[in-house]
Amino acid sequence: MQILLTGGAGYIGSHTIIELDKAGHSVVVVDNLVNSKEEALRRVSKIIGKQVPFIKADVRDREALDKVFKQYKIDAVIHFAGLKAVGESCEKPLEYYENNMNATFVLLDVMRKNGCKNIIFSSSATVYGDPAQIPITESCPKGHCTNPYGQTKSMLEEVLIDVQKADPEWNVVLLRYFNPIGAHKSGLIGENPNGIPNNLMPYITQTAIGIRKELGVFGNDYDTPDGTGVRDYIHVCDLAAGHVAALQAIQRKCGLGIYNLGTGHGYSVLDVVNAFQTANGLKVPYVIKPRRPGDIATCYCNPAKAKAELGWEAQYGIEDMCRDSWNFQKNNPKGYEE
Ligand code: NAD
Ligand code: WQD
């Protein structure tokens, strides 16, 4: 199939190109590079041994997007494009709502006008809020999102569900990612956050390489085995493979599909620090800090539905994730800014 990846230059998109290529799909990327670098795509080209067609454009630019649909016969879209920093979304709610909502509205309209009704949407475990049950299944009610970023994901899920309901020719797959970490084994591509990382793994790797003095562990008084927050970390290459499986479902005309993409295992912050130290033979200094506002104690999924219906399940363990995250950091001390 010919697949359009919006936001394909980003962390998850760049890894997904490789899995799509392996599965025999052709890709085209549209990204405005607001949170990524074209260098990521050059490196993907190196890995797959072919050029990645790239159009630098904003998904909200209707004309530019329409041109892409006219030039390439797009069979399906994987919609990664969006702003994703939880904290920033609380400071700039309007920018987040405007970008994430409008980009999706324009995209869906241009798709429909060009007769393309197949979409995979990057959703998030954040839609469960403080989850009503652990492990989280897809039937678990969506919760109250404590930040505008999460709200955009939750609202866009509703929009997509309504679009599919109104016109059953649409195939809509909502993938709720848990906590993606890790990097491609080549060490050429990985997570490349701007400024001080918000997420745990990039903070750990930047501490290990000496950019940060020590990791702050946000709270050790949660109701978890060691008191620190528990999450479902998933290797980004496993996540990427989940998109290939979702495309197969689209080819089978799945209608609406909603899937958790996680491993089903919960690891605490200290478990991750320990796994990182063991996998890489390094010390990561840390201090206990107060809880981070908006955090929950525990979040991990039951990934059985994705296994049963998509035939997908995660292959990598926590030490693989830690090894590959470090491999990228070590090979690219300043990320893509060499
Ligand atoms: P990322 O920031 O690395 O990638 C997103 C890409 O979208 C970036 O390259 C950015 O430049 C681009 N973009 C943003 N707005 C755009 C617009 N209007 N037009 C064109 N391009 C635009 O993020 P990621 O980690 O690769 O995440 C991909 C998707 O998955 C996002 O939608 C994110 O919300 C979602 N998600 C991520 C995580 C995570 O922890 N990384 C978890 C759950 C869901
Ligand atoms: C993981 C754990 C922190 C940093 C976020 C978004 C979510 C999704 C994934 C997009 C928590 C602790 C972290 C640090 C720490 N993104 N931590 N010190 O918060 O589970 O999820 O990313 O959809 O929407 O909210 O991920 O990596 O920030 O935190 O102790 O410096 O690590 O408190 O327990 P989170 P995270």
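Counting convention: from 1, in listed order, for ligands and their atoms alike. The basis for the numbers below is simple: all heavy atoms, side chains too, and nothing from hydrogens, waters or symmetry mates.
Of all protein heavy atoms, the one closest to atom 10 (C) of ligand 2 is Tyr149 OH, 3.0 Å. Shortest contact from atom 14 (C) of ligand 2 to any protein heavy atom: Phe218 CE1, 3.2 Å. At the shortest separation from atom 20 (O) of ligand 2 among protein heavy atoms lies Arg231 NE, 2.5 Å. Closest protein heavy atom to atom 10 (C) of ligand 1: Asp31 OD1, 3.5 Å. Nearest non-hydrogen protein atom to atom 37 (C) of ligand 1 is Ile12 CD1, 3.7 Å. Regarding atom 8 (C) of ligand 2, its nearest protein heavy-atom neighbour is Ser124 OG, 4.0 Å. Looking only at protein heavy atoms, the nearest one to atom 14 (C) of ligand 1 is Gly82 N, 3.3 Å. Closest protein heavy atom to atom 22 (C) of ligand 1: Asn32 OD1, 3.1 Å. Nearest to atom 25 (O) of ligand 2 among the protein's heavy atoms is Val86 CG2, 3.4 Å. Distance from atom 9 (C) of ligand 2 to its nearest protein heavy atom, with residue and atom name: Asn179 ND2, 4.1 Å.
Under the 4.5 Å side-chain criterion, counting only non-hydrogen atoms from C-beta, Lys305 is not in contact with Thr137. Counting heavy atoms from C-beta outward, Trp170 and Leu108 have side chains that approach closer than 4.5 Å.
For ligand 1, the polar-atom distance check finds no N/O of Pro180 at less than 3.5 Å from any of the ligand's N/O atoms. Residue Ser124 places no N or O, backbone or side chain, under 3.5 Å from any N or O of ligand 1. Below 3.5 Å of separation, one finds no N or O of Ala9 facing any N or O of ligand 1. The distance criterion of under 3.5 Å between nitrogen or oxygen atoms is not met by Met201 with respect to ligand 2. For Tyr177, no nitrogen or oxygen atom sits less than 3.5 Å from a nitrogen or oxygen atom of ligand 1, counting backbone and side chain alike. For Asn99, a nitrogen or oxygen atom sits less than 3.5 Å from a nitrogen or oxygen atom of ligand 1, counting backbone and side chain alike. At least one N or O atom of Val34 sits closer than 3.5 Å to an N or O atom of ligand 1. An N or O contact shorter than 3.5 Å is missing between Ala103 and ligand 1 by distance. When only interatomic distances are considered, the shortest N/O to N/O separation between Tyr203 and ligand 2 does not fall below 3.5 Å.
Counting non-hydrogen atoms of other residues, nucleotides and ligands closer than 6.0 Å to OH of Tyr72 gives a total above 12. Within 6.0 Å of atom CG in Asp223, 12 or fewer heavy atoms from other residues, nucleotides or ligands are found, so the atom counts as exposed in its surroundings.
No side-chain donor-acceptor contact under 3.5 Å links Lys153 and Thr126. Looking only at atom types and distance, the side chain of Asn332 has a donor-acceptor partner in the side chain of Arg43 under 3.5 Å away. If you check the side chains of Asn35 and Asn194, you find a donor sitting under 3.5 Å from an acceptor. No hydrogens or angles considered: a donor-acceptor pair under 3.5 Å links the side chains of Glu88 and Tyr96.
For the ligand labelled ligand 2, residue Tyr177 lies outside the 4.0 Å heavy-atom shell. Using a 4.0 angstrom heavy-atom cutoff, Ala57 counts as in contact with ligand 1. In this structure, His79 has no heavy atom closer than 4.0 Å to ligand 1. Not a single heavy atom of Lys84 sits under 4.0 Å from any atom of ligand 2. Using a 4.0 angstrom heavy-atom cutoff, Ala125 does not count as in contact with ligand 1. The shortest separation from a heavy atom of Tyr233 to ligand 2 is under 4.0 Å, placing the residue in contact. Contact analysis puts Leu33 in contact with ligand 1, with a non-hydrogen atom separation below 4.0 angstrom.
In Asn199, the parts holding a heavy atom less than 4.0 Å from any atom of ligand 2 are both the side chain and the backbone. In Leu215, the part holding a heavy atom less than 4.0 Å from any atom of ligand 2 is the side chain. Neither the backbone nor the side chain of Glu191 has any atom closer than 4.0 Å to an atom of ligand 1 (non-hydrogen atoms only). Under 4.0 angstrom from ligand 2, the non-hydrogen atoms of Val269 all belong to its side chain. Of the heavy atoms in Asn198, only backbone atoms (N, CA, C, O) come closer than 4.0 Å to ligand 2.
Remark: aromatic rings of Tyr316 and Tyr233 are distant, center separation not under 6.0 Å.
For ligand 1, the atoms sitting less than 4.0 Å from at least one non-hydrogen atom of Ser123 are 43 (C), 44 (C), numbered in the order shown with element in parentheses. Of all atoms in ligand 1, numbered sequentially from 1 with element shown, those under 4.0 Å from a heavy atom of Ser36 are 8 (C), 9 (O), 11 (O). For ligand 2 and Val217, the ligand atoms under 4.0 Å from any heavy atom of the residue are 30 (O). Interface of Gly216 with ligand 2, defined as ligand atoms under 4.0 Å from a residue heavy atom, comprises 14 (C), 15 (C), 18 (N), 30 (O), 31 (O). Near Tyr149, with a cut-off below 4.0 Å to any heavy atom, the atoms of ligand 1 are 33 (C), 34 (O), 35 (C), 36 (N), 44 (C). Of all the atoms in ligand 1, the ones that sit under 4.0 Å from a non-hydrogen atom of Gly10 are 3 (O), 4 (O), 9 (O), 26 (O). Close approach to Ser122 involves these atoms of ligand 1, each under 4.0 Å from a residue heavy atom: 29 (C), 30 (O), 32 (O), 35 (C).
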Residues Asn220, Leu270; criterion side-chain contact (heavy atoms from CB on, under 4.5 Å); working and verdict: CA-CA 9 Å; Asn220 66 348; Leu270 296 182; 6.0 Å; no
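Remark: Ile209 CD1 to Gln329 CD distance equals 4.5 Å, nearest 0.5 Å. In this structure, OH in Tyr97 is found 5.0 Å from CE in Met155, a value given to the nearest 0.5 Å.
Taking the charged nitrogens against the carboxylate oxygens, Lys117 and Glu169 do have a contact shorter than 4.0 Å, which makes a salt bridge. In this structure, Asp66 pairs ionically with Lys70, as a charged nitrogen and a carboxylate oxygen lie closer than 4.0 Å.
When all heavy atoms of Cys322 and Asn280 are compared, the closest pair comes out as O-ND2, 3.3 Å. Residues Phe328 and Gly187 approach most closely at CD1-O, 3.5 Å, considering heavy atoms.
Remark: the backbone N or O of Cys254 is paired with a side-chain donor or acceptor of Asn171 at under 3.5 angstrom.
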